[in-house]
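Notes to accompany the following structure.
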Amino acid sequence: MAELIGGLGTSHVPSIGVALDRGLRDTPDWKPFFDGYIPAQKWMADHKPDIAVVIFNDHGNAFFLDRVPTLAVGVADRYKPIDEGWGPRAVPDFEGASAFSWHFVDQLVENHFDPLVCREIDVDHGLQVPMELFFGRPDAWPVKIVPIFVNTIQYPIPTPQRMWDLGRVLRRSIESWLTDDRIVILGTGGLSHQLQGTRAGFLNREADRAWLDEIGPNPEKYRSMSREDYVETFGSEGAELIMWLVMRGAMDARVKTLHKHYFAPASMTGAGMIVLENEDAA
Amino acid sequence: MAELIGGLGTSHVPSIGVALDRGLRDTPDWKPFFDGYIPAQKWMADHKPDIAVVIFNDHGNAFFLDRVPTLAVGVADRYKPIDEGWGPRAVPDFEGASAFSWHFVDQLVENHFDPLVCREIDVDHGLQVPMELFFGRPDAWPVKIVPIFVNTIQYPIPTPQRMWDLGRVLRRSIESWLTDDRIVILGTGGLSHQLQGTRAGFLNREADRAWLDEIGPNPEKYRSMSREDYVETFGSEGAELIMWLVMRGAMDARVKTLHKHYFAPASMTGAGMIVLENEDAA
Amino acid sequence: MSDQIPETPLFVRSHGDIGYPLNKMAMSLCQAENREAFKADEEAFLDRYGLSADQKRAVMDRDWEAMVRLGGNLFFILKISAIDPVPITAIGAAQAGMSHDDFVYGRLGKVRHG
Amino acid sequence: MSDQIPETPLFVRSHGDIGYPLNKMAMSLCQAENREAFKADEEAFLDRYGLSADQKRAVMDRDWEAMVRLGGNLFFILKISAIDPVPITAIGAAQAGMSHDDFVYGRLGKVRHG
Ligand SMILES: [Fe+3]
Ligand SMILES: [Fe+3]
């Protein structure tokens, strides 16, 4: 059967991608941020996944407000970087793990999820930036992807528990995928930020560091927080942290936190990442 | 609180609408079919709902295969009849019960459903025909609508149990809707038909009559049938009968079957309808 | 979802993959301007959509059985039938391999009037 | 979902209803030809989308605080900021009612370099 080799969490702030595009990676403003990802890049290069399942939110690019999917899954063979208003970014197209995507969709519907199944869709910085942070900027990506789009823009957004349960179905899908595929899961978004209202610029460094410390060993409290709790603690846009719960829910109850990194502010966000492995992993 | 005044089930065969458009209602081919709906029309006129929640499947009109929603809910103020290839039909636009729609969407997401939330969408014969069968062809519809779109076209389609659970959330949404609205639920589609493959033209009159007899008093067996069972029993396109389970799941455990009617074939379908009231209804 | 009920194709992933260009072309016929373009030059219209040679021939021949076999989903190919137009029972009869009368009055059991 | 966390507008139904024309216009700026049309004649471009007078003025004034207050969702109005362009931190500062420096080095706590 397929192997879940690890779960990573990371911010997907668009300014990170812009910094890479403009060659600012080693400037004093950005170097401490990017350097913190080096251990994760090494982990990824050593562990050689075949498939990266990436959970992120579309930021008003692939979807408009006319029809907002609570949950969407890509089943395509190919995903292009989308024009978000600045022209499409010069990153390579992503190859889709379409067979596994369809298997996952079957499992989702059988397990009472209601996905929007997307054969044609493009991907924004929410997926591009995590891929660049962990895989660099290769000529071609060394993995195929399965994009999972979660609505975190228009209320009602899904509950943290729902995200956890989605992770459990993802885990079952991996376990019932009868191939040698090595699969890594990227939960993305956050950490704390608020972009709207007079509290714009809100950051909660303390809560962010606690998240990075606790999401591995003690995720239950994050699963049982309400959506309002997330907004209050992490800021209105920080509520997208619920997407890391998909990754964490797919992992074992007991995990090892191999690497973590925090840097604030990256643009208007508390940014960072984590690398988790199942404790009983070979 | 709002009142669930009843649940109706009906076919939504497009030829029914065409027959009305062409003035064929009283021809020998069609008269027995349409006459059977008269008691339901009288029921509807007597019971005066404010809102009709209509569960149906889009037939490749509002949605294409590029992005197939397992479950979509309309939240618009207005829905127009869509061009399905013959030009839009000359039925009046539908006014949307948008406030109740949004309340229902909140309840859905809180109760772990993952709807596609549609502010802009048009409706095909799947909704138009049931409305015409029960309300006639007025200058303006006497109710507002909430359209619920279920994918029954591309596998995987939802499970019967999922449809029942959707009905339970719809019921809770009605009970928590603090207005005087009188709400009727229309489950639509079916009955037996198969439009594809060498078994095209398949009908199962016996199973259809049993469905109409049993969906009121003994729905459990239909809830626990598999999707394969539906296809085998009712034909591949007859599997859309699962949508009646949304209506039935929203009703009480004990219901009265006030009217039922069956007529086959209407085009290539076993057609018919049912009118149910909660047994303890005032 | 097993695809094994006799004589009953289900619209599973493989059918959708193969039929995608055909279904997309058919969907476009929901717009009046596309119907006009189709009627004006059918082959050129089909060529815009990347149908396979077999799919193109099936459409131009109005071979409904072949269209379904080649991944066409009934609800989309119905929009092709709107062009001529052709009744849905003819599409059913073609797939069942029966004459229209046998299909309607035999298999469907429709009662003849007057 | 109660809309009652201080200083924190949530993009609930009412915001979406009011802001719909503004957000739809902003979304259209994802296409290069629309960006060109916007730059060529901004007022005419806005008039295509049925913005309220207040929304139109807010966009033409690049009044980010007003745009959000009038139902604009940040991710859509960000595409308006791509036109000039304007950094996202300026949008944040405008909403917080602070100077850009106070916002970035004060509220966000960014460290000044060299
Ligand atoms: Fe995001
Ligand atoms: Fe249908």
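Letters A, B, ... are given to chains in the order of the sequence lines, protein chains preceding strands, and every chain is numbered from 1.
- Proximity to chain C (any heavy atom under 4.5 Å) is shown, for B:Q196, by both the backbone and the side chain.
- For B:L203, the part lying near chain C is the side chain, with the backbone staying farther off; criterion is any non-hydrogen pair under 4.5 Å.
- More than 12 heavy atoms of other residues, nucleotides or ligands sit less than 6.0 Å from atom NZ of C:K39.
- Contact count against chain C (heavy-atom pairs under 4.5 Å) is highest for B:D66 among B:D66, B:I82, B:T27, B:T269.
- Residue contact with chain B, scored on non-hydrogen atoms closer than 4.5 Å, is absent for C:V104.
- Remark: side-chain polar atoms of B:D229 are not paired, donor with acceptor, to backbone N or O of B:R227 under 3.5 angstrom.
- When B:G85, B:P14, B:G270 are compared by the number of non-hydrogen pairs under 4.5 Å with chain C, B:G85 comes out ahead.
- Within the 3.5 Å criterion, the main-chain N or O of B:G60 finds a donor-acceptor partner in the side chain of C:K79.
- Neither the backbone nor the side chain of B:F263 has a heavy atom closer than 4.5 Å to any heavy atom of chain C.
- Contact check for B:F63 versus B:I121: side-chain heavy atoms found under the 4.5 Å cut-off.
- Of the two parts of C:R107, the backbone and the side chain both hold a non-hydrogen atom closer than 4.5 Å to a non-hydrogen atom of chain B.
- Comment: B:R137 engages B:D21 in a salt bridge, judged by a side-chain N to carboxylate O separation of less than 4.0 angstrom.
- In this structure, no portion of C:P87 lies under 4.5 Å from any heavy atom of chain B.
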